S.K.: 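After the structure tokens below, expect a handful of questions from me.
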Amino acid sequence: MVGHDGTTGTTGTMRDHPDLAEMQARYERISASGSAVVIDGLVLLAGLWMAISPWVIHFNATAPDVTVNNLILGIAVAVVALGLTTQPARMSRLAWATALVGAWEIVSQWVIQQSASQAGIVVNNVITGAITFLLGIGAAVILMAGPRRMR
């Protein structure tokens, strides 16, 4: 569009774009679906478990670096889960990051400790990491498939 002064550009902002409201409504419908609610809730629980597991399994004293890793990543996963619930359109890319955190959780005790890990740490982190990985992929797939189904 050419303005009266010869410059080109648009007159409105992105906020006024008609597709923005439609896309936001689609993401809201997707995030309200039963499968999205279940996955978001499970991601939240997996993140909270990841954060508190060193104290529940009692490896916080023997593996302090793994404890800090689990605490920070668990809080991050829980925050992403809350974001997926409240702002799915903005958080859709972070669902993939949740899957990467799950993959890191699986191998982290060997990378961080550089020695043989206790059985409790290995079992906890492998199971928690695998669950987080799968839930992250599930959340991302739901968010990606939703707009395609709505078209």
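This one's a predicted model, so the numbers in the text were calculated from it and none came from an experiment. All heavy atoms count here, side chains included; hydrogens, waters and symmetry mates do not.
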S.K.: Take I121 and I57 through the side chain to side chain contact (heavy atoms under 4.5 Å, CB included) test and state the conclusion after the steps.
M.R.: CA-CA 8 Å; I121 298 172; I57 307 236; over 6 Å; no
S.K.: V66 and side-chain contact (heavy atoms from CB on, under 4.5 Å): which partner among N60, N125, V111?
M.R.: N125
S.K.: For the residue pair N70 and E105, what are the closest heavy atoms and their distance?
M.R.: OD1-OE2, 3.0 Å
S.K.: For W55, which fellow cluster members are found when Ile, Leu, Val, Met, Phe, Trp and Tyr are connected by side-chain heavy-atom distances below 4.5 angstrom, either directly or through intermediates?
M.R.: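 Joined to W55, directly or through intermediates: L71, I75, V79.
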S.K.: In terms of hydrophobic clustering (I, L, V, M, F, W, Y; side-chain heavy atoms under 4.5 Å; direct or indirect links), are I72 and W49 co-clustered?
M.R.: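 No: no chain of side-chain contacts under 4.5 Å links I72 to W49.
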S.K.: First locate atom CG of L84, then atom CG of L44, and finally report the distance between them rounded to the nearest 0.5 Å.
M.R.: 10.5 Å
S.K.: Do L73 and I127 sit in the same hydrophobic cluster, where Ile, Leu, Val, Met, Phe, Trp and Tyr count as joined when their side-chain heavy atoms come under 4.5 Å apart?
M.R.: yes
S.K.: Can you tell me how far the CD1 atom of I112 sits from the CG atom of D65, to the nearest 0.5 Å?
M.R.: 6.5 Å
S.K.: Taking all heavy atoms of A81 and all of D40, pick out the closest pair and write down the distance.
M.R.: CB-O, 3.7 Å
S.K.: Are V122 and V68 linked, directly or through intermediate hydrophobic residues, by side-chain heavy-atom contacts shorter than 4.5 Å (ILVMFWY only)?
M.R.: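 Per the 4.5 Å side-chain linkage, V68 and V122 are not co-clustered.
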S.K.: For Q118 and T62, test the side chains for any donor-to-acceptor distance below 3.5 angstrom and give the result as yes or no.
M.R.: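 Checked: Q118/T62 side chains pair up, N/O donor to acceptor below 3.5 Å.
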S.K.: With the 4.5 Å side-chain cut-off for hydrophobic clustering, are I142 and L82 part of the same group?
M.R.: no
S.K.: So how far is it from I131 CD1 to I106 CD1, rounded to the nearest 0.5 Å?
M.R.: 10.0 Å
S.K.: Within this structure, what is the OG1-CG distance for the pair T98 and L134, rounded to the nearest 0.5 Å?
M.R.: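 Interatomic distance, T98 OG1 to L134 CG, rounded to 0.5 Å: 12.5 Å.
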S.K.: Taking all atoms of both residues into account, what is the closest heavy-atom pair of F59 and S53, and its distance?
M.R.: CE2-O, 4.0 Å
S.K.: Closest heavy-atom contact between G47 and V77?
M.R.: CA-CG1, 3.7 Å
S.K.: Grab the two heavy atoms, one from F133 and one from A99, that are nearest each other, plus how far apart they are.
M.R.: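 Result for this residue pair: CD1-O, 3.0 Å.
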S.K.: Return the CG to CG distance between L100 and L94, rounded to the nearest 0.5 Å.
M.R.: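 Separation between the atoms: 10.5 Å.
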S.K.: What distance do N69 atom CG and M50 atom CE have between them, rounded to the nearest 0.5 Å?
M.R.: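 Reported value, rounded in 0.5 Å steps: 8.5 Å.
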S.K.: Tell me every residue that passes side-chain hydrogen bond (donor to acceptor under 3.5 Å, both in side chains) with T86, counting only those two or more places apart in sequence or in another chain.
M.R.: none
